Protein chains: 2
Amino acid sequence: MNTSVKNVPAATDVARLAGVSQSAVSRAFTSGASISSKTRSKVMAAAEELGYRPNQLARSLLRGRSQLIGVVLGNMENPFFPLALETLSKQLNAQGHKTLVFTNEANQQADTSIEDMLNYRVDALILMATTLSSSLAEQCQAAGIPVVFVNRISHAMCCSSVTSDNEHGARLIAQHLVDAGYQRIAFMAGIETSSTSRDREAAFTDALIAMGREKPMRVVGHFNRTGAMQAMRQLLKQAQRPDAVFCANDHMAMAATDVARYEYALTPGKDIGIAGFDDIPHAHWPGYDITTYSQPLDALISQTVERVLSQSNQYDAIHTVVKGNLIMRSSTSPTN
Amino acid sequence: MNTSVKNVPAATDVARLAGVSQSAVSRAFTSGASISSKTRSKVMAAAEELGYRPNQLARSLLRGRSQLIGVVLGNMENPFFPLALETLSKQLNAQGHKTLVFTNEANQQADTSIEDMLNYRVDALILMATTLSSSLAEQCQAAGIPVVFVNRISHAMCCSSVTSDNEHGARLIAQHLVDAGYQRIAFMAGIETSSTSRDREAAFTDALIAMGREKPMRVVGHFNRTGAMQAMRQLLKQAQRPDAVFCANDHMAMAATDVARYEYALTPGKDIGIAGFDDIPHAHWPGYDITTYSQPLDALISQTVERVLSQSNQYDAIHTVVKGNLIMRSSTSPTN
DNA sequence: TGTTGTGTTGCATAGCTATGCAAAATAGTG
DNA sequence: CACTATTTTGCATAGCTATGCAACACAACA
C-alpha cells in the first residue's frame with residue numbers, strides 16, 4: 001500500500017501526456033510567454049491530472065534569482081520582532097518573494113546562518129538586531145546581494161539601512177520629561193553595542209544637557225525582560241532614586257513598569273515617569289499605557305522592502321530614516 | 001566602479017584554478033566523500049580565493065532533498081507563535097535544516113502559501129493554526145512530503161499532529177475552578193472552527209457537567225485580543241455576570257484580565273476568576289499572574305521536529321499528545 | 001618484479017526548467 | 001490564391017552540482 005517511492009512528476013511527463021514539448025509546458029507556466037491558449041489549456045489539464053508543479057529550485061538555478069529573501073531576527077521575546085516579521089513576510093509575499101528566516105541570539109553575529117542563506121542564493125538579506133562580519137559583507141557585495149539592516153547601522157560601508165529616527169525620538173522624549181517636571185531622569189540602555197541603543201542614548205543625553213540638566217543616570221537592560229527588570233531594581237533601590245526613566249525600547253519599559261508597580265508600589269506617571277520607544281501595541285494596554293515614540297512599522301518595513309527589491313543602485317549604501325511621533329500617555333503624567 | 005555584473009563563481013571555476021576536476025571540488029565540499037586531504041586543501045584554497053560557495057539550489061535539485069522545512073504560522077499577535085517559531089527554527093537549524101516561513105491570517109486556509117512552498121520542494125510542512133484543503137493534503141502525501149499540524153488536528157487522514165493535552169488541561173481547569181468555589185463559570189472560545197478551541201471547550205463542559213454544574217455560559221473571543229476584550233465585556237455587562245472565565249488561551253485571558261480590572265474594576269482572583277491555557281511567559285507577569293495549563297513548548301516542538309524528520313512511516317498519520325501541568329496562580333484564588 | 005587491494009581521480013550524465021534560435025503554423029492582406 | 005507578417009512550437013543547450021563507473025596511482029605484499 002504505502003509505497004515509499006515518491007514519484008514527483010516533471011515537465012517532460014506533462015509534455016508527454018499533453019502531446020507537446022517540454023518547452024510548451026514551461027511556457028504554459030510562465031506568464032507572458034509565447035504560447036497559444038489552446039496548448040496552454042492542454043498543458044494545464046495534463047498538469048492537473050499528474051499533480052505537476054514547476055520546480056522552483058530548477059527555475060531559480062536557471063534564472064539566477066531564487067525569489068528567496070533571507071531574514072535574520074533577534075530575540076522573539078520582544079513583540080516588535082514578530083510583528084515586524086509578519087508585516088515583512090506579507091509584503092514580500094505580495095511581491096512574489098518567499099521568506100527564509102533565521103532567529104539569532106540577540107545581537108550575535110549571524111555569520112553561520114547567513115552563510116547558509118547565501119548557499120541558497122537568496123536574492124537579498126534583511127537583518128534585524130544582528131551584526132555581520134565585514135568579510136561576509138564584502139562577499140555579499142561581490143555577489144550582488146543587497147543587504148539591508150533594519151534599526152541597526154553597520155560599519156560595513158556597503159550595507160544599506162532603514163531605521164526610525166532615533167535622534168528625533170530621544171530628543172522629544174527628553175523634552176517631554178523635562179516639561180512634565182521630572183527632576184532626576186535616568187536612561188536604560190539596551191544592548192550596549194547596538195547602534196540603536198547608542199543613538200537613542202546619545203541624543204537623549206545631549207538634549208538633557210542642552211536643557212541644562214545633568215547627564216542622566218544610566219543602567220543597562222540588554223533589550224530583554226529579565227535584564228530590564230534587574231536594571232530597574234538597580235535604579236529604584238538607590239536612596240536618591242530617579243523620578244523618571246527613559247527605556248531604550250517599549251519591551252524594557254513594560255518590564256520596568258512591572259517592577260515599579262509590583263515590587264516598589266510606585267504608580268507610573270505619578271510616582272515615577274516611564275517612557276519607552278517603538279510604540280508596540282502593548283504600550284497602550286491599560287496596565288501599561290506607556291509614553292513612547294512611534295516607529296511606524298508599516299513604513300519602516302515598506303521602505304525596507306523597497307530598498308531590497310529595487311534593482312537600481314543596490315551597490316550604494318543608502319540610509320533611510322523614518323520619522324515617528326511622540327505618543328504621550330499616562331506613564332509620564334505626574335498629575336494623574 | 002560599480003559594475004553590476006554579478007559574477008558568482010561556480011565549481012568549475014574553482015576546479016580550473018586548483019587544477020582539478022569539478023568532481024573533486026564537489027567532493028571537497030561533501031563530508032565523507034572519497035578525496036585525499038591534499039587535493040581537498042588545494043580545492044579549499046582556490047575556493048577561498050574565489051569566494052566560492054556550493055550552490056544549494058543545484059544540490060537540492062540533484063539530491064531531491066532541499067533541506068527546507070515550510071512553516072505556516074497564525075497570528076503573530078499571540079506570543080505563543082513567535083516563541084514556537086524561535087524554538088522550531090533553532091531545532092531545525094541544529095539538524096541542518098532551514099526554515100521557510102509564511103504567516104497567515106488566523107485560521108485561514110493556507111493553500112496558496114503552501115503551494116508556493118511545495119514549488120520549492122520543501123522536505124516537510126509544519127502547520128500551526130492553519131487549515132489545509134484535502135486536495136492539497138493528498139498532493140503532499142503523493143509527493144511524500146510529511147505534514148505535521150501543531151496544536152490542530154486536521155480531518156485529512158494523512159496528516160500527523162502534535163498537540164498538547166487539551167482534554168486533560170481543560171478538565172483540570174474545570175476541577176480547579178469548582179474546587180476554588182466559583183459558582184457561575186463561563187467559557188471563552190477561540191476560533192470556533194479550530195479543533196484546539198473545540199476540544200478544550202468540550203472537555204471543560206463535560207467536566208463541569210460531570211461535577212453537577214450546568215453548561216457554562218459561552219462567548220467567542222476569536223483567539224485575538226480585540227475579540228477577547230469584546231467577549232469579556234459581553235460577559236461582564238450581564239446582570240448575572242459569571243464569577244469565573246476559562247479562556248481558551250492565555251493571550252485571550254490577558255485581554256480578559258485587562259477588561260475586568262480596568263473597565264470593571266474587578267480584581268482577578270477575588271472578584272472574578274480567570275484561567276487561560278498555554279502558560280506563555282506573560283501569564284506569570286505580575287500584572288496578570290494567570291492560572292493556566294502549561295504547554296511544554298520544548299517538548300511540543302521537539303516532538304514535531306522528530307515527526308517531521310523521521311524518515312520511517314511518514315505516510316502514517318501519528319497523533320502525538322504532550323501532557324502539561326495545571327499552574328495555579330492568583331487569578332483564580334478567591335481568598336486573596 | 002608482478003599482483004592484489006585500497007584509495008583517488010576524472011569523465012560523463014542526471015536532475016528540471018527556461019530560453020535563443022530556427023522551423024513551422026497561423027493570420028492577415030491585396 | 002499567393003505572399004508577407006506574426007505567432008506558436010520544438011530543438012538544443014545552459015545553469016550547477018552529485019555520483020556511478022571506469023581508469024588510475026600508489027602502497028603493500030609475496
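Bear in mind the structure is a predicted one, so any value in this text is a computation, not a measurement. The chains referred to below are lettered A, B, ... by the order of the sequence lines, with proteins before strands, and numbering in each begins at 1. These numbers come from the heavy atoms of this one structure, side chains and all, not from hydrogens, waters or symmetry mates.
- Between A/Val71 and B/Val101 there is no side-chain heavy-atom pair separated by less than 4.5 Å.
- For C/dC11, its base sits under 3.5 Å from the side chain of B/Ser23 at one donor and acceptor pair at least.
- Mapping A/Phe29 and B/Ala24 onto DNA chain C via the closest heavy atom, the residue that lands nearer the 5' end is B/Ala24.
- OP1 or OP2 of C/dT9 has at least one side-chain nitrogen or oxygen of B/Thr39 nearer than 4.0 Å.
- Between A/Leu57 atom CG and C/dC16 atom P the separation is 11 Å, expressed in whole Å.
- One finds the CZ atom of A/Phe223 at 8.0 Å from the CZ atom of A/Phe81 (value rounded to the nearest 0.5 Å).
- With contacts defined as side-chain heavy-atom distances shorter than 4.5 Å, the pair A/Arg121/A/Ser60 does not qualify.
- For the pair A/Asn119 CG and D/dT17 P, the computed distance is 10 Å after rounding to whole Å.
- Following rounding to the nearest Å, A/Arg16 (CZ) and D/dG10 (P) show an atom-to-atom distance of 14 Å.
- Residue B/Ala58 places its side chain closer to D/dT17 than to any other of C/dC16, D/dA18, D/dT17.
- Applying the 4.0 Å criterion to OP1 and OP2 of C/dT17, one finds that A/Tyr52 has a side-chain N or O inside that range.
- Distance A/Lys42 NZ to D/dG10 P: 8 Å, rounded to the nearest Å.
- The distance between atom CG of A/Asn55 and atom P of D/dC16, rounded to the nearest whole Å, is 16 Å.
- Counting non-hydrogen atoms under 4.0 angstrom, B/Arg27 reaches a base of the nucleic acid.
- Using a 4.0 Å heavy-atom criterion, one finds that B/Ser26 contacts the bases of the nucleic acid, with or without backbone contacts as well.
- At the phosphate of D/dT7, neither OP1 nor OP2 sits under 4.0 Å from any side-chain N or O atom of A/Ser36.
- Looking at heavy-atom distances under 4.0 Å, A/Ile35 makes contact with sugar-phosphate atoms alone, never a base.
- Base contact: B/Ser34 has a heavy atom under 4.0 Å from a base atom.
- Between A/Leu62 and B/Gln56, the residue whose closest nucleotide on DNA chain D is further toward the 5' end is A/Leu62.
- Within 4.0 Å (heavy atoms only), A/Val20 reaches sugar-phosphate atoms of the nucleic acid but no base atom.
- Between B/Arg63 and the phosphate of D/dT19, there is a side-chain N or O to OP1/OP2 separation shorter than 4.0 Å.
- Applying the 4.0 Å criterion to OP1 and OP2 of C/dG15, one finds that B/Arg121 has every side-chain N and O outside that range.
- Between A/Ser134 atom OG and A/Gln139 atom CD the span is 11.0 Å, to the nearest 0.5 Å.
- Side-chain atoms of A/Arg307 and A/Thr320 form a donor-acceptor pair, as typed in the model, at a separation below 3.5 Å.
- For B/Asp13 and D/dG15, the CG to P distance is 11 Å, given to the nearest whole Å.
- Atom CD in A/Gln22 sits about 8 Å away from atom C1' in C/dC16, given to the nearest Å.
- Among the candidates A/Val20, A/Val25, A/Ile35, the single residue satisfying the side-chain contact (heavy atoms from CB on, under 4.5 Å) test with A/Arg40 is A/Ile35.
- In this structure, NZ of B/Lys38 is placed 8 Å from P of C/dT9, rounded to the nearest angstrom.
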